**Q** 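Before we start, here is the structure in question, set down as structure tokens.
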Amino acid sequence: GTDCGDGACNGDESTATCPMDCGTLCGDGVCNGMETTANCADDCDSNCGDGTCNGDESTADCPMDCGTSCGDGVCNGTEATANCDEDCNPNCGDGACNGDESAANCPADCATVCGDGVCSDGELKGTCPADCGGKTNHTNVVVILFDDLGIGDLQPYGGSKIRTPRIQQMAQEGMRFNNFYVAPWCGPTRSALHEGKRLGHTQIRNSAKPLSGSLPLLAKSFKSAGYRTGMFGKWGLAEVTGGYHIGSNFTIHDGAPESAGFDEFIGFLTHRDAHVHYLDNPADPAGDSPSTPYYTDIRRQMFKIEGGVTVPHVIPPNRYVHDEFADAAVSFINTHAAGPKPFFLYVPFTIPHVELIAPEDEILNYYRSLNWPEEAYAPPAGGANSSIKKRPQAETYATYAAMVERGDRDVGRILQALKDNGIDENTLVLVASDNGPLLGNYRSSAHVDFFDSAAGNRGYKSDVWEGGVSAPLIARWP
């Protein structure tokens, strides 16, 4: 029988004249001669989709196995991760749209065109609302800075006297830094934070010099990246004259919050103004006036940004100023959580810096009930014009603890506002302190040691020993 194609190589048939019957090279892509699925699966097993181009498969009828164009988006033929990562490595989020990735199942890699209906990596809701609507791929940032809070005052660092459950939970869900260093004084720490420089290179070397708005600063960087920026609390980095009484004239010479890049602000412009927690006259709140002041160097009004400029902000004399800041921070989150921009929120609390005073509430009453040994503080002798005069306090232990817990409570309020608005998993929150605990003015060495505020370290605020420069830092970013 010499019929070429009958599957038998016979008669005068040869590989040259009848390769269909006589070509028996397994692996040549043709199932012929004596080849079968059993003895030559490479040529004779023609299951399209098995990853091998064999039998009667071809690019035309089985591109899944036989199409070998690396870069066509299909991992087929002889392609593999080793020789065609572009088609065969489908790790969504690696920055390459490959393998079986598409805009539908991997927008982070495959969809970058505004208007394609997919909010993809790099598309900010402020620049592509058509795709992103109320969402953002940019992380919100919240920085909460306590004033004179000791590292040993907090439960995450071993504190046992003061309840700080919100910060404790934040540490459990995030990260606790054990070697976080600051300046021994508030001005340089805050300047270094906003300049992004090491303490040895920051502009402010003491608490008197302003932070010039002409510098490249943190809030400016966020603003240029499309963020909404807000600050509520102690700025402390401006140079101001006048404005000590409501309605009196004032001049900001340098360091205004708007020049530092903030869109919104409520708080104190200078360090000294932030040393009180009620803007009243402790001796005679109703009689506080330019002719009968209790303090001569602390302003009776705060400031805010309105219409892009800093103007006075007046609160009732019985309003605890920390509550003003905490309420404003929560309101900022509620206002801007839905966009159209991500936000940078800076909340420099004024507590637990002296003066020591806390509202009459359940927090203060709890610490009173512990019957701790109390120390009374009496201001130094001096008339109404004494620049060192301070409010007297009979319960310095209970009051200090109540101030710290109040700060912890409001950290919790801020975290809850983020959660309630559905943005807590897209928000980095940092909680820190600007220096070590204060020794003096309400806080004797026995007072500081009772709370172990310096966590056993040598030194306090103003010292360059560990106790003055080691501070807490907790970060949470689910």
Side-chain angles (χ1 to χ4, degrees), residues 92-95 97 103 106-145 190 192-197 211-233 235 237 255-267 304-310 328-348 414-415 417-431 475-478:
C92 186
D94 62 4
C97 186
C106 189
D109 292 346
C110 299
T112 58
V113 179
C114 184
D116 60 6
V118 180
C119 184
S120 56
D121 190 32
E123 289 183 345
L124 176 64
K125 63 188 175 183
T127 58
C128 190
D131 290 348
C132 297
K135 299 186 300 180
T136 177
N137 291 334
H138 283 54
T139 302
N140 304 303
V141 179
V142 178
V143 177
I144 302 171
L145 189 67
R190 294 161 195 265
L193 169 66
H194 291 282
E195 284 192 89
K197 292 184 177 180
L211 184 63
S212 176
S214 63
L215 296 170
L217 301 173
L218 182 62
K220 287 183 179 181
S221 297
F222 276 109
K223 193 170 183 177
S224 66
Y227 280 64
R228 182 75 178 178
T229 56
M231 170 174 57
F232 306 101
W235 174 230
L237 302 177
E258 66 269 23
S259 70
F262 288 100
D263 298 309
E264 300 180 34
F265 166 70
I266 293 175
K304 64 182 176 182
I305 292 177
E306 189 173 90
V309 296
T310 299
V330 171
S331 177
F332 180 90
I333 293 170
N334 291 335
T335 299
H336 299 294
K341 298 179 178 181
F343 59 78
F344 167 59
L345 173 59
Y346 174 49
V347 192
I414 290 171
L415 292 173
L418 296 171
K419 184 176 181 179
D420 290 345
N421 284 281
I423 58 173
D424 60 319
E425 293 189 358
N426 192 39
T427 302
L428 168 64
V429 181
L430 302 169
V431 173
R476 181 183 186 273
W477 189 5

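Numbers here are sequence positions counted from 1. Keep in mind it's a predicted model, so treat the numbers as computed, not measured. Just the heavy atoms: all of them, side chains too, but no hydrogens, waters or symmetry mates, feed the values below.
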**Q** Distance alone, cut at 3.5 Å: any donor-acceptor contact between the side chains of Thr229 and Glu264?
**A**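 Not at all, the side chains of Thr229 and Glu264 share no donor-acceptor pair under 3.5 Å.
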**Q** Knowing that exactly one of Leu415, Leu418, Ile333 qualifies, which makes a side chain to side chain contact (heavy atoms under 4.5 Å, CB included) with Asp424?
**A**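 By the side chain to side chain contact (heavy atoms under 4.5 Å, CB included) criterion, Asp424 pairs with just one of Leu415, Leu418, Ile333: Leu418.
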**Q** Can you list the steps and then say if Arg228 with Phe332 is a side chain to side chain contact (heavy atoms under 4.5 Å, CB included)?
**A** CA-CA 10 Å; Arg228 182 75 178 178; Phe332 180 90; 4.0 Å; yes
**Q** Say whether, by atom type as modelled, one donor and one acceptor occur between the side chain of Lys223 and the main chain of Asp263 under 3.5 angstrom.
**A**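 Pair absent, no side-chain N/O of Lys223 close to backbone of Asp263.
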**Q** Might you point out which heavy atoms bring Val347 and Leu345 nearest each other, and give the distance in Å?
**A**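 Val347 and Leu345 have their closest heavy atoms at CG2-CG, 3.7 Å.
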**Q** For Ala328 versus Ile266, what's the shortest heavy-atom pair and its separation?
**A**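 Taking every non-hydrogen atom into account, CB-CD1, 4.2 Å.
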**Q** Going through the checks in order, is the side chain to side chain contact (heavy atoms under 4.5 Å, CB included) test met by Ile305 and Val309?
**A** CA-CA 5 Å; Ile305 292 177; Val309 296; over 6 Å; no
**Q** Kindly give the heavy-atom pair with the smallest separation between Ser259 and Ala256, and that separation in Å.
**A**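 Closest pair (atom of Ser259, atom of Ala256, distance): OG-O, 2.6 Å.
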**Q** For the backbone of Ser221 and the side chain of Tyr227, can you confirm whether one donor and one acceptor N or O come within less than 3.5 Å of each other?
**A**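 Checking the backbone N and O of Ser221 against the side chain of Tyr227, no donor-acceptor pair under 3.5 Å is found.
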**Q** Among Ile414, Leu428, Leu430, Val431, which residue meets the side chain to side chain contact (heavy atoms under 4.5 Å, CB included) test with Val142?
**A**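 In the set Ile414, Leu428, Leu430, Val431, the residue that makes a side chain to side chain contact (heavy atoms under 4.5 Å, CB included) with Val142 is Ile414.
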**Q** To the nearest 0.5 Å, how far apart are CG in Leu215 and NZ in Lys197?
**A**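 Going from CG on Leu215 over to NZ on Lys197, the span is 6.5 Å.
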**Q** Under the criterion side chain to side chain contact (heavy atoms under 4.5 Å, CB included), I'd like the reasoning laid out for Val143 against Phe344: C-alpha separation, chi angles, the key distance, then a yes or no.
**A** CA-CA 8 Å; Val143 177; Phe344 167 59; 3.9 Å; yes
**Q** So do the side chains of Phe343 and Ile423 get within less than 4.5 Å of each other, counting heavy atoms only?
**A**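 With C-beta onward as the side chain, the pair touches.
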**Q** Once you measure the plane-to-plane angle for His194 and Trp235, does it fall in the parallel (<30°), tilted (30-60°) or perpendicular (>60°) bin?
**A**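 Judged by the thresholds at 30° and 60°, the geometry between His194 and Trp235 is perpendicular.
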**Q** If you measure from CG on Leu217 to OG on Ser212, what distance do you get to the nearest 0.5 Å?
**A**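 OG of Ser212 is found 8.0 Å from CG of Leu217.
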**Q** Measure the spacing between CZ of Phe232 and OH of Tyr346 and express it to the nearest 0.5 Å.
**A**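 Between Phe232 CZ and Tyr346 OH, I get 13.0 Å after rounding to 0.5 Å.
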**Q** Taking all atoms of both residues into account, what is the closest heavy-atom pair of Glu258 and Gly308, and its distance?
**A**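 The answer is CG-O, 3.5 Å.
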**Q** What closest approach, in Å, do Pro342 and Asn140 show between heavy atoms, and which atom pair accounts for it?
**A**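 In terms of heavy atoms, the two residues are closest at CA-OD1, 3.3 Å.
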**Q** Which atoms form the tightest heavy-atom contact between Pro348 and Arg190, and what is the distance?
**A**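 Smallest heavy-atom distance, with atoms named: CB-NH1, 3.6 Å.
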**Q** Pair Lys304, Thr310 - check side chain to side chain contact (heavy atoms under 4.5 Å, CB included), show working.
**A** CA-CA 5 Å; Lys304 64 182 176 182; Thr310 299; over 6 Å; no
